[in-house]
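Structure provided below as structure tokens; questions to follow.
Letters A, B, ... are given to chains in the order of the sequence lines, protein chains preceding strands, and every chain is numbered from 1.
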4 protein chains.
Amino acid sequence: METRDDGAPRRGRPRSEEAHDAILAASLALIREVGFDAVAMDAIAARAGVGKATVYRRWKSKELLVVEAIGRIVRAVPDPDTGSTEDDLMVLMNATLRMYADPATSALLSGLVAAMARSEPIARAVRGGFVGMRREALRRVLRRGIDRGDLRGDTDLELALDLLSGPMLYRYLISGEAVDERLARGSVHAVLRAFAQDRSTEGPNLEVVR
Amino acid sequence: METRDDGAPRRGRPRSEEAHDAILAASLALIREVGFDAVAMDAIAARAGVGKATVYRRWKSKELLVVEAIGRIVRAVPDPDTGSTEDDLMVLMNATLRMYADPATSALLSGLVAAMARSEPIARAVRGGFVGMRREALRRVLRRGIDRGDLRGDTDLELALDLLSGPMLYRYLISGEAVDERLARGSVHAVLRAFAQDRSTEGPNLEVVR
Amino acid sequence: METRDDGAPRRGRPRSEEAHDAILAASLALIREVGFDAVAMDAIAARAGVGKATVYRRWKSKELLVVEAIGRIVRAVPDPDTGSTEDDLMVLMNATLRMYADPATSALLSGLVAAMARSEPIARAVRGGFVGMRREALRRVLRRGIDRGDLRGDTDLELALDLLSGPMLYRYLISGEAVDERLARGSVHAVLRAFAQDRSTEGPNLEVVR
Amino acid sequence: METRDDGAPRRGRPRSEEAHDAILAASLALIREVGFDAVAMDAIAARAGVGKATVYRRWKSKELLVVEAIGRIVRAVPDPDTGSTEDDLMVLMNATLRMYADPATSALLSGLVAAMARSEPIARAVRGGFVGMRREALRRVLRRGIDRGDLRGDTDLELALDLLSGPMLYRYLISGEAVDERLARGSVHAVLRAFAQDRSTEGPNLEVVR
DNA sequence: TCCTAAGCGAGACGGTACGTCCAGTCTTCGT
DNA sequence: ACGAAGACTGGACGTACCGTCTCGCTTAGGA
């Protein structure tokens with residue numbers, strides 16, 4: 001974001017790290033308090049004890065700032081390898097479940113989605129951020145599932161990923177129903193069944209699943 | 001919206017239907033032209049040839065108006081009964097596909113999602129509107145699939161619905177990848193496979209899976 | 001105002017006198033409560049228990065209504081004839097003083113003045129109304145003063161009238177100082193002195209002035 | 001208006017003088033074009049090439065702005081000292097006459113009067129502004145008249161001022177008759193006569209009047 | 001006795017201005 | 001050249017009021 005790898009000699013007062021952190025912290029706090037798109041830049045700057053120009057010097061728009069602020073929340077995505085495809089998937093699904101359950105995160109989601117639609121840079125940032133990390137983690141697990149023979153070799157990985165991530169999103173954004181472990185486990189089972197090795201030829205895969 | 005079936009005698013000049021329709025039409029036109037949240041109430045009123053008060057008399061906020069306007073777009077949802085569960089599902093999925101493909105509708109989706117999150121009334125309106133209609137149509141088809149023996153009797157209908165609707169939403173909002181027939185057909189197949197009657201035995205498959 | 005002396009046969013439901021009176025009463029009450037130009041026609045109609053059309057059927061504009069309402073306050077102007085020009089004038093001045101002192105009337109004055117400037121019909125109505133009545137009464141007294149020999153025969157009556165009425169208005173509207181008997185008596189004395197018969201002879205009075 | 005003499009260090013971008021002046025100029029121009037209370041803040045801001053917030057940052061309401069704008073019109077009040085009280089007074093009266101004759105000023109007067117009645121701050125501003133300046137100039141002349149012996153030592157100065165200013169105001173606002181030199185000269189003569197030293201005797205002049 | 005014109009309360013209508021609030025930029029200090 | 005502070009343009013927001021228009025209803029006189 002504020003890379004300065006141009007080798008230029010960098011003169012003048014250096015940027016304050018405290019300011020940077022204070023802005024991100026203030027953004028998060030305000031987003032939690034009033035919601036994604038009721039946050040005002042004036043309020044963020046005031047809360048951070050910072051001038052508005054200082055904010056805009058670092059982020060080109062409110063949305064880009066908020067995206068980065070949100071990125072702070074979800075830092076680490078697990079990379080499980082228990083030997084069981086189902087268990088591995090459930091580890092990741094439970095992590096996502098926790099994100100939906102956390103009021104701090106969930107309140108942002110829909111506003112974030114709107115911001116992504118409005119602006120391709122934001123969309124890229126989000127896709128390259130925690131969304132991409134989660135997706136990549138799931139992909140690794142699924143690939144191991146294929147290697148292990150739990151899933152067919154011709155499994156459409158992208159489809160499988162969407163079958164795992166889509167239902168939770170849909171419930172959260174649209175139907176407003178519970179995003180809980182029942183849903184997570186149901187999605188996982190559905191994917192495992194849908195892309196399972198054919199029983200008749202390769203022997204009963206259901207045994208394998210466990 | 002402003003039904004008045006309370007038997008009260010309804011005094012004063014009645015609200016103008018022309019104004020009502022003109023407002024909705026103007027809203028739709030403007031939404032298509034400038035997008036969901038760049039629409040201005042002033043512009044809607046002006047375009048409709050109507051005072052702002054006339055708009056606010058009917059809808060408490062811009063979002064509620066726009067929600068209703070959007071509801072106008074998608075009126076009829078097909079109710080197919082071809083004899084094949086897969087074909088029936090694909091008819092509905094294709095209808096949804098067309099909605100995502102239609103620039104008029106798709107541009108609104110993310111803004112609408114954000115509005116739902118901001119406001120419970122809007123969420124209710126959307127859920128009760130075209131979202132509910134599509135969901136109900138899918139549910140009917142799935143139930144016929146169960147009756148026909150294509151799907152197991154203990155199929156988790158809500159999960160199946162989310163597996164059908166979620167991936168398209170996810171792709172559209174998050175990953176930005178194509179929402180096409182390949183995805184639709186893949187989702188349908190996955191659901192049919194996941195909830196298929198076990199061919200070899202009649203035993204409840206959940207026992208087996210676990 | 002709503003004369004109907006055209007000899008036409010007057011068909012249909014006659015106008016309600018109660019409504020008429022209620023409107024005037026409501027106008028006065030509201031003017032007293034919120035001031036001349038903070039009165040809203042909606043409020044007047046509501047307070048009078050009357051539809052707005054009923055108001056506009058009788059008065060073409062808010063200002064014309066308010067003018068008539070104000071006219072109700074000051075009905076009778078005295079017509080004193082005590083034998084003393086000074087005493088007669090003071091009777092009238094005291095009546096005007098009471099008008100300025102009455103919060104009900106005084107609050108209206110400035111708004112009324114603005115309305116007169118905005119609209120010639122209003123100006124005419126006011127001039128022909130209580131302003132004209134007061135002026136006429138003063139004029140009669142002054143004429144008797146001339147007849148009696150208290151004032152010179154060539155007295156500029158209009159100037160004298162303005163010298164009597166202007167200072168009170170000025171204090172009330174502009175300087176905000178007390179409009180009291182001291183001012184009234186001072187004005188009367190000034191006029192009597194200024195237009196007094198020359199005591200010594202009929203000699204040129206301009207000599208005297210300088 | 002927005003003095004900042006409190007010794008505080010005044011941080012942030014200072015208010016733009018160009019904007020300030022542009023707003024006042026635009027206000028005056030619009031007032032002349034459309035009249036005192038048909039001026040719209042939007043129009044003023046647009047004409048001045050300024051955001052509305054910039055206007056409201058300086059003046060709390062339209063009226064306060066317009067008052068200050070009007071104050072700009074009449075800057076200098078003459079301070080004549082010809083040796084003749086009558087001539088001195090006529091110099092000032094003629095200046096006032098010109099103000100009433102100038103369409104730019106006169107159109108504002110009644111609206112201004114209403115604004116004064118509505119709001120004490122406005123009244124104070126006007127009284128402290130050009131009204132006060134004129135009044136002070138008249139007062140100085142009258143005092144010299146007393147020193148010179150043209151007027152009695154016990155002359156009620158305030159009364160004399162009101163006798164000079166009131167009639168013009170009254171004609172302008174109420175009777176609608178000409179505010180011309182005849183009126184001005186008549187008022188001056190009346191005041192000079194009314195407060196003249198008694199030539200013949202030193203006896204109290206009130207005896208004479210009665 | 002019915003007809004028809006006008007009035008009635010209620011409240012919606014088109015317009016217009018209000019004063020507030022943000023976004024993103026710019027300008028003054030002082031560090 | 002950074003920092004905080006805060007003013008800048010521009011434009012949407014939702015409210016309030018004016019004077020008009022339309023409902024369904026009532027009240028008269030004339031047929």
Discussion item. From the set E:dT25, F:dC18, E:dA17, return the single nucleotide nearest to any side-chain atom of C:Lys62.
Written reply: F:dC18

Worksheet item: Which residue lies toward the 5' end of DNA chain E, D:Ala38 or C:Asp42, if each is placed at its nearest nucleotide?
Response: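 First, find each residue's nearest nucleotide; the 5'-ward one identifies C:Asp42.
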
Worksheet item: Whole Å only: how far is the CD atom of C:Glu18 from the P atom of E:dG7?
Response: 15 Å

Worksheet item: Any idea which of F:dC13, F:dC18, F:dG19 is nearest the B:Met41 side chain?
Response: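 Within the option list, the nearest is F:dC13.
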
Worksheet item: Can you tell me how far P of E:dG7 sits from CH2 of C:Trp59, to the nearest Å?
Response: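 From C:Trp59 CH2 to E:dG7 P: 14 Å.
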
Worksheet item: Where is the tightest heavy-atom contact between B:Met41 and B:Ser61, given as atom of each residue plus distance?
Response: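 Closest pair (atom of B:Met41, atom of B:Ser61, distance): CE-C, 4.0 Å.
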
Worksheet item: For the pair made of CD1 in B:Ile44 and C1' in E:dG14, what is the distance, rounded to whole Å?
Response: 17 Å

Worksheet item: If only atom types and distance count, is the side chain of B:Ser27 paired as donor or acceptor with the main-chain N or O of B:Ile23 below 3.5 Å?
Response: yes

Practice prompt. Please evaluate the base of E:dC8 for a donor-acceptor partner in the side chain of C:Arg13 within a cut-off of under 3.5 Å?
Written response: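 Between E:dC8 and C:Arg13, which were checked side chain against base, a qualifying N/O pair under 3.5 Å is absent.
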
Practice prompt. Would you please confirm or rule out a distance under 4.0 Å between OP1 or OP2 of F:dA7 and any side-chain N or O of D:Thr54?
Written response: no

Discussion item. Reading DNA chain E from 5' onward, which residue's closest nucleotide shows up sooner: A:Tyr56 or D:Lys60?
Written reply: D:Lys60

Practice prompt. Provide the closest heavy-atom pair for B:Arg57 versus B:Arg15 in the form atom of the first, atom of the second, distance.
Written response: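 It is O-NH1, 3.4 Å.
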
Item to complete: Using atom CZ of D:Arg47 as one end and atom P of F:dT9 as the other, report the distance to the nearest whole Å.
Response: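 Nearest whole value for this atom pair: 16 Å.
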
Discussion item. Need one value for B:Ser61: base, sugar-phosphate or nothing, where a base atom within 4.0 Å counts as base even if backbone is also close, heavy atoms only.
Written reply: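 If one applies the 4.0 Å heavy-atom cut-off, B:Ser61 turns out to touch nothing in the nucleic acid.
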
Worksheet item: Whole-Å distance between E:dC22 C1' and A:Leu30 CG?
Response: 14 Å

Fill in: Nearest-nucleotide 5' precedence on DNA chain F, D:Val50 against C:Pro14
D:Val50

Discussion item. Using a heavy-atom cut-off of 4.0 Å across all strands, would you classify C:Val55 as base, sugar-phosphate, or nothing?
Written reply: nothing

Worksheet item: Without hydrogens or angle criteria, can the side chains of D:Arg58 and D:His20 be said to hold a donor-acceptor pair below 3.5 Å?
Response: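 Result is yes, a qualifying pair exists.
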
Item to complete: Take atom CD of D:Glu17 and atom P of E:dC26, then tell me their distance rounded to the nearest Å.
Response: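 Checked: the CD to P distance equals 21 Å.
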
Discussion item. Check the phosphate of F:dA5 against D:Arg15, side-chain N and O only, distance under 4.0 Å to OP1 or OP2. Yes or no?
Written reply: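 D:Arg15 to F:dA5 OP1/OP2: no side-chain N or O under 4.0 Å.
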
Practice prompt. To the nearest Å, give me how far apart CD1 (D:Ile23) and C1' (F:dT9) are.
Written response: 12 Å

Worksheet item: Closest to the B:Arg57 side chain: F:dC18, E:dA10, E:dC13?
Response: E:dC13

Discussion item. Which is more 5' along DNA chain F, the nucleotide nearest C:Glu63 or the one nearest D:Ala53? Just name the residue.
Written reply: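 The answer here is D:Ala53.
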
Practice prompt. Check every atom of E:dC22, E:dC13, F:dC18 against the side chain of C:Ala40 and return the nucleotide holding the closest atom.
Written response: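 Per side-chain heavy atoms of C:Ala40, the pick is F:dC18.
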
Discussion item. OP1 or OP2 of E:dG11 versus the side-chain N and O atoms of B:Arg11: is any pair under 4.0 Å?
Written reply: no

Discussion item. Rounding to an integer number of Å, can you tell me how far C:Arg58 CZ sits from E:dC8 C1'?
Written reply: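 Result: 9 Å.
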
Item to complete: For residues B:Trp59 and B:Leu24, report the shortest heavy-atom separation together with the two atoms involved.
Response: CZ2-CD2, 4.0 Å

Discussion item. Side chain of A:Lys52 only, heavy atoms from C-beta on: which candidate in E:dT25, E:dT28, E:dC13 is closest?
Written reply: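 Per side-chain heavy atoms of A:Lys52, the pick is E:dT25.
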
Worksheet, complete the sentence: Ranking E:dA12, F:dC8, F:dC17 by distance to the side chain of D:Ala19, first place goes to F:dC8

Discussion item. A:Val39 and side-chain contact (heavy atoms from CB on, under 4.5 Å): which single residue from A:Leu65, A:Leu28, A:Ile31 fits?
Written reply: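 Running side-chain contact (heavy atoms from CB on, under 4.5 Å) over A:Leu65, A:Leu28, A:Ile31 with A:Val39 returns exactly one hit, A:Ile31.
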
